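One structure is given here, and the rest of the page talks about it.
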Amino acid sequence: MKESRDNLMMQDQSEKIHYTFEEYPVYIRKDHLADYPGFSGASHWHKDLEFIYIVSGKMKYSINGRQVALNEGTGLMVNSHQFHFGYSEDRSDCEFICLIVSPLLFSINDYFEKKYVRPLIEDARFPFLLLSQDHDWQKEILACLKKIYNASQKGERFLEMQQLLYQIWYQLFENTVTDSFLVQKKNSDLCSVKAMVSYIHQNYTQKVTLEQIAGAGHVCKSKCSALFKSYLSRTPGEYLNEYRLRKSLDDLMYSDMTISELSGRVGINSASYYSELFRKYFFCSPKEYVKQHSAKMRE
């Protein structure tokens, strides 16, 4: 979820996770929403499962365009290959634990993958799961998330973490998977959105038209706009502009490029328009952003 991982993409433009441990495919950290541009993560997807636990404050989370509210002590699991991001509506801070886990950790052989992993991660009826303290099995998952984070702070406690991950998987499997599971037909709309987003990721430095974006998803322009609104809560143009801004952040922070130079590099051919968009999406000027985040890095 962190901005430093936005530049890492797989061939299909899904996010490539930069795991916390080189030898163990898990990303785990405690974060603050205030550290993200505009108090919002970037919408993304990946094959890994993502868990969020709210330590303090509150957060809204978008999964395939559906908005859910997360409060202190609650959490969320986002299934494999779903669009998602967290944000604050009122720009209030939220401290949270983020755990991202490769399904490979549960696929110890072909039988386990077929019997215990695929029925969960390939179920199109199950894009996400809210976790609350009101159900014992969900309460156990939330407790395991905190224990995994604590274990990660002590070094390479992989065996302890793996035991806790299996406790989580057991509860998920026992309480969500039914005997009637069949691999669901792919959601054609979601596939179209992924194709259109991938086109933007690959071509954002160039002039990009609505017709080109729609063509990448094999839909008409009106359906393209409707799908972006439904799944990403943005128009195609808004998504393109926000993506361009996010791709410019490293240059803004760590290079000596002028606003005109870095804006042109990401496909925005006017320094004034870049600054206007920056304030619209991130609620501050580029100069204020650099000052705020440089101060946080020194803390």
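Just so it is clear, the model here is predicted, and its values are computed rather than measured. All residue numbers in this chain count up from 1 along the given sequence.
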Task: Over 12 foreign heavy atoms within 6.0 Å of CG, D90 - done: yes

For residues 271-282, which side-chain donor-acceptor pairs fall under 3.5 Å, sequence neighbours excluded?
from, atom 1, to, atom 2, distance (Å)
S272, OG, S270, OG, 3.0
Y274, OH, S248, OG, 2.7
S275, OG, A271, O, 3.2
Y281, OH, E238, O, 3.3

- [ ] May I ask you to decide whether K223 forms a salt bridge with D189, counting only side-chain N to carboxylate O separations under 4.0 Å?
- [x] yes

Open item on the list: Please check: side-chain N/O of S102 versus main-chain N/O of L104, any donor-acceptor pairing under 3.5 Å?
Closed with: yes

Open item on the list: So that I know where these two stand, are Y53 and Y149 an aromatic pair - ring centroids less than 6.0 Å apart?
Closed with: no

Task: Expected output: side-chain Q212 to main-chain T209 donor-acceptor under 3.5 Å - done: yes

- [ ] Kindly say whether the aromatic ring centers of H201 and Y243 come within a distance under 6.0 Å.
- [x] yes

Open item on the list: Restricting to non-hydrogen atoms, name the atom on L120 and the atom on F173 that form the minimum distance, rounded to 0.1 Å.
Closed with: CD1-N, 4.2 Å

TODO: With R234 as the cation and F85 as the aromatic partner, state whether NZ or CZ is under 6.0 Å from the six-membered ring centre and within 45° of the axis.
DONE: yes

Open item on the list: Check whether S294 reaches the backbone of K291 with its side chain - one donor and one acceptor, N or O, closer than 3.5 Å.
Closed with: no

Task: Name of the residue among T235, L210, I200 meeting side chain to side chain contact (heavy atoms under 4.5 Å, CB included) with F228 - done: I200

Task: NZ/K287: more than 12 non-hydrogen atoms of other groups inside 6.0 Å - done: no

- [ ] May I ask you to check whether F158 and F21 place their ring centres under 6.0 Å from each other?
- [x] yes

Task: Which atom of Y61 lies closest to which atom of V78, heavy atoms considered - done: CE2-CG2, 4.0 Å

Open item on the list: Keeping N203 on the side-chain end and Q206 on the backbone end, is there a donor-acceptor pair under 3.5 Å?
Closed with: no

Task: Results of side-chain hydrogen bond (donor to acceptor under 3.5 Å, both in side chains) for T20 - residues two or more places apart only - done: none

Task: Salt-bridge present (D134, K139; N to O < 4.0 Å) - done: no

Task: Pairwise side-chain contact, P236 with S225, heavy-atom cut-off 4.5 Å (strictly under) - done: yes

TODO: Using the ring of F283 (Phe, Tyr or Trp, six-membered ring only), decide whether R91 places NZ or CZ under 6.0 Å from its centre and within 45 degrees of its axis.
DONE: yes

Task: Q82: side-chain hydrogen bond (donor to acceptor under 3.5 Å, both in side chains) partners, not counting sequence neighbours - done: N64

Open item on the list: Counting only heavy atoms not in E288 (residues, nucleotides, ligands), do more than 12 fall under 6.0 Å from its CD?
Closed with: yes

TODO: Take Y19 and D48, measure what side chain to side chain donor-acceptor pair (under 3.5 Å) needs, and give me the verdict at the end.
DONE: CA-CA 11 Å; Y19 297 117; D48 304 69; 2.6 Å; yes

- [ ] Would you check if the distance from the ring center of H46 to the ring center of H81 is below 6.0 Å?
- [x] no

Task: Reported CG-to-CG distance for the pair L142 and L131, which is rounded to 0.5 angstrom - done: 5.0 Å

Open item on the list: Could you check whether atom CG of N109 has more than 12 heavy atoms from other residues, nucleotides or ligands sitting under 6.0 Å from it?
Closed with: yes

Open item on the list: Looking at Q138 and S132, would you say the former's side chain and the latter's main chain have a donor-acceptor pair under 3.5 Å?
Closed with: yes

